[in-house]
Protein chains: 2
Amino acid sequence: MAKTIRDIAREAGVSVSTASLAINGDSRVKPETRERIMQIATSHGFRPSHAARSLSSGKSWSINVINPAVSSALTSGFSTRFLHGVHEVARAYRYTVSLTIIEDENEAVDALDALALERATDGVILMNPSESGCVVEKLRERGLPHTMLGRAPVPDVPSVDNDNVQVGYDAAAHLIEIGRFPIVFVSGPQTHTVTQDRLEGFYGAHRDYGLAPDDAPVVFSGKTAEDAFEDVSRLLAEDRPFRSVLAISDAQAIGAMRAVRSHGRRVPEDVAIMGMNNDDLTAFTDPPMSSVELHAFELGRASVGLLLAQIEGVYEPETRQIVDHELVIRGTTGFPEGSLEGNS
Amino acid sequence: MAKTIRDIAREAGVSVSTASLAINGDSRVKPETRERIMQIATSHGFRPSHAARSLSSGKSWSINVINPAVSSALTSGFSTRFLHGVHEVARAYRYTVSLTIIEDENEAVDALDALALERATDGVILMNPSESGCVVEKLRERGLPHTMLGRAPVPDVPSVDNDNVQVGYDAAAHLIEIGRFPIVFVSGPQTHTVTQDRLEGFYGAHRDYGLAPDDAPVVFSGKTAEDAFEDVSRLLAEDRPFRSVLAISDAQAIGAMRAVRSHGRRVPEDVAIMGMNNDDLTAFTDPPMSSVELHAFELGRASVGLLLAQIEGVYEPETRQIVDHELVIRGTTGFPEGSLEGNS
DNA sequence: GTGAAAGCGCTAACAT
DNA sequence: ATGTTAGCGCTTTCAC
């Protein structure tokens with residue numbers, strides 16, 4: 001049942017090496033020979049053994065995605081779309097996609113050790129926020145090709161990212177333009193580069209519109225909707241005046257929206273809300289949540305691209321690839337439709 | 001840098017076979033010998049090459065999860081938690097987790113062919129709704145161990161599932177008990193076994209409470225929040241009377257909620273809403289969404305368990321493992337807190 | 001309890 | 001353009 005390349009070669013009347021070359025599409029084999037070999041191979045349902053191919057070629061033909069359990073649970077639609085993009089490109093290049101789900105950075109470092117020592121992967125894609133950079137250090141130390149999602153905490157790490165300064169700028173600019181100043185910026189932990197970048201853009205927009213950034217309250221929140229709920233509630237309790245909330249994720253935007261409502265303020269009439277990521281459910285909150293589409297699928301595709309460029313040998317250390325973003329304006333920053341209109 | 005078992009054996013003054021046995025914890029090696037070998041192995045950071053181990057042992061030491069792109073995007077929190085469970089158990093048994101993301105059943109069949117022929121995986125976990133059963137057929141034909149999430153469309157498939165009849169029953173019973181009859185059941189495609197089971201429980205609850213099931217409108221909707229929005233909107237336009245909506249997923253529950261609101265009805269005062277899956281965002285809709293926790297993480301853990309039992313040789317064809325569920329009652333089926341109270 | 005040796009199924013020099 | 005051959009780094013009989 002399980003045919004080997006030897007069987008194929010024998011039946012085609014060629015040597016194993018010729019069969020191997022033919023199957024791998026090497027140009028040295030004569031087209032007609034190649035044709036005949038392929039014919040026999042497919043008729044027997046032959047495919048080279050992954051393990052054997054890996055062992056003899058010294059490549060695992062597999063890439064590994066390190067996916068932090070916590071943050072993926074929060075921006076889950078993002079994570080899924082990203083993986084989808086990774087998978088699509090990887091498969092096109094005959095690479096397998098493996099997954100490592102980690103609770104914290106220590107687990108990531110351990111997992112990387114295992115991966116590297118067992119030579120079980122040809123490259124790693126980090127979905128970590130990678131606060132400390134120790135994961136990247138480990139990757140370098142092991143000499144494993146890698147790409148990360150987001151701006152790296154240390155220099156010269158190949159990475160794929162949105163222009164998060166611009167993301168923060170565009171979102172803030174929109175809120176300012178529709179007259180929703182002051183804006184509360186609900187950010188994630190300050191250690192994340194994505195937070196730093198978006199915050200920079202947030203301030204930049206204020207400057208460009210001639211507004212004092214000091215008037216823009218910034219909350220360094222946790223990562224969850226609940227964190228945002230509590231932080232915005234606190235701000236409301238302190239009677240801080242604001243006309244809108246810009247949250248760093250859709251989950252946090254939803255938490256913020258609940259906080260605003262709990263204090264008897266209306267969304268969007270009293271306070272406009274804008275999230276980021278454009279998760280699947282944003283279109284179906286009530287009112288629909290405005291957000292920023294970050295094109296997770298494209299980020300995934302780009303990540304493998306950058307990784308394969310290294311694995312295949314075209315290594316450019318400081319490559320940084322930027323994927324487009326766009327504002328998606330819905331009800332939470334505009335006028336409500338349907339039921340809510342009647343309520344006011 | 002890259003040590004082989006040969007280096008370890010040499011340094012320990014033993015043969016490679018002894019080193020191999022020691023590293024794999026075989027009881028035949030004398031404890032002190034084993035100790036010495038392990039010492040040297042760890043000090044050199046030695047780990048057996050994954051590829052070599054696979055080739056010589058005839059096992060890939062990897063399991064593959066087939067994840068449909070569409071449904072995972074919708075119940076994304078579920079999917080992530082499930083994978084997390086799978087990963088945890090797999091890692092404990094030294095198995096790698098690979099991911100195959102598919103658009104439709106044809107892609108699944110193709111992917112399975114590749115996986116089987118290349119001997120790239122030792123077993124497959126199907127997250128498919130698997131409407132037709134052709135994916136399972138392919139798995140059997142190839143002799144690949146497998147487990148599926150949900151009740152199989154054909155007999156004797158090892159599967160992990162919730163008791164979905166009971167899920168449907170419990171959810172409907174709760175809505176009936178709080179006086180929210182008639183209930184609209186917003187289901188997924190009728191071909192899914194999960195839909196069939198929950199519907200059966202839904203009807204069962206009606207019978208047990210002495211209610212005519214005919215009065216319970218059932219909508220065979222699509223899978224998305226938008227589908228639910230449209231179907232419930234249609235029902236409202238037709239002036240069908242109902243006091244609650246039970247949706248087969250949280251996304252659909254959110255779609256239903258918007259539809260209800262768009263027609264000027266209040267949630268939960270006029271219409272109660274209940275979803276299923278207990279996705280991360282349910283706690284932060286407004287009001288918070290009641291749902292059914294299905295314990296995705298446990299489902300994941302159980303799936304690998306069943307799979308490893310087969311791979312390791314303890315195969316029981318008709319195994320079906322049931323994971324607990326529980327109702328999570330929140331605002332959409334109770335009384336609203338905060339802002340909404342003031343509105344009424 | 002430990003060692004010697006034969007593969008596992010490919011790929012990749014090196015020959016021809 | 002095709003064939004010969006030597007491994008890749010383990011596991012696993014089979015001896016001792």
Side-chain angles (χ1 to χ4, degrees), chain A residues 1-38 40-41 44-62 94 96 114 116-122 312-313, chain B residues 1-38 40-41 44-62 94 96 114 116-120 122 312:
Chain A
M1 183 66 199
K3 299 284 177 196
T4 75
I5 199 171
R6 202 166 228 98
D7 301 318
I8 306 302
R10 188 179 303 128
E11 186 166 336
V14 297
S15 71
V16 280
S17 60
T18 305
S20 175
L21 290 174
I23 288 163
N24 290 301
D26 193 293
S27 58
R28 282 172 291 181
V29 295
K30 190 160 43 174
E32 56 196 75
T33 318
R34 185 191 130 84
E35 199 58 37
R36 183 160 42 89
I37 295 172
M38 289 310 280
I40 293 167
H44 285 312
F46 171 82
R47 296 256 210 154
S49 144
H50 189 91
R53 206 162 81 105
S54 297
L55 183 58
S56 66
S57 67
K59 292 182 55 174
S60 69
W61 294 99
S62 150
R94 297 186 63 183
T96 279
L117 264 14
E118 298 179 0
R119 286 137 289 177
T121 195
D122 292 336
E312 239 82 297
Chain B
M1 185 64 202
K3 298 284 177 195
T4 76
I5 200 172
R6 202 167 228 97
D7 301 319
I8 307 303
R10 187 179 304 128
E11 186 165 336
V14 295
S15 69
V16 277
S17 56
T18 304
S20 175
L21 291 175
I23 286 163
N24 290 300
D26 193 292
S27 57
R28 283 174 290 184
V29 296
K30 190 160 43 174
E32 57 195 74
T33 317
R34 185 191 130 83
E35 199 57 38
R36 184 160 41 89
I37 295 171
M38 290 310 282
I40 293 168
H44 284 307
F46 171 82
R47 295 256 211 156
S49 145
H50 189 90
R53 206 162 80 103
S54 297
L55 183 58
S56 64
S57 67
K59 291 182 55 175
S60 70
W61 294 98
S62 150
R94 297 186 61 184
T96 279
L117 265 14
E118 297 179 1
R119 286 137 290 178
D122 292 336
E312 240 82 297

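Just so you know, these numbers use all the heavy atoms, side chains as well, and skip hydrogens, waters and symmetry mates. Each chain gets a letter, A, B and so on, in the order the sequences are listed, and its residues count up from 1.
Ion pair E312(A)/K59(A) flagged as a salt bridge, since at least one NZ, NE, NH1 or NH2 atom sits closer than 4.0 Å to an Asp/Glu carboxylate oxygen.
Residues R53(A) and I5(A) have side chains not in contact (no heavy-atom distance under 4.5 Å, counting atoms from C-beta outward).
Using a 4.0 Å heavy-atom distance criterion, S54(A) is classed as making no nucleic acid contact.
L117(A) and G45(B) make their closest contact through CG-O, 3.0 Å (heavy atoms, listed as atom of the first residue, atom of the second, distance). What you find for A22(A) and I37(A) is that their closest heavy atoms are CB-CD1, 3.7 Å. Shortest non-hydrogen contact noted between S60(A) and D122(A) is N-OD1, 2.8 Å. Closest non-hydrogen pair, A41(B) versus I8(B), comes out as CA-CD1, 4.0 Å.
Direction change of the helix axis from one end of the helix from dG1(C)-dC16(D) to dT16(C)-dA1(D) to the other is 30°, with five pairs defining each end axis (rounded to 10°).
The only option from N24(A), V14(A), L21(A) that meets the side chain to side chain contact (heavy atoms under 4.5 Å, CB included) definition with V29(A) turns out to be L21(A).
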Spell out protein contact along nucleotides 6-16 of chain C as letters: B when the base is contacted, S when just the sugar-phosphate is, - when no protein heavy atom is under 4.0 Å; keep the 5' to 3' order.
-BBBBBB----
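Atom-to-atom, CG of D7(B) to C1' of dC10(D) comes out at 13 Å; the value is rounded to the nearest Å. Remark: P of dG9(D) and NZ of K59(B) are 22 Å apart, rounded to the nearest angstrom.
Atoms CZ and CG, from R28(B) and D26(B) in turn, are 4.0 Å apart once rounded to the nearest 0.5 Å.
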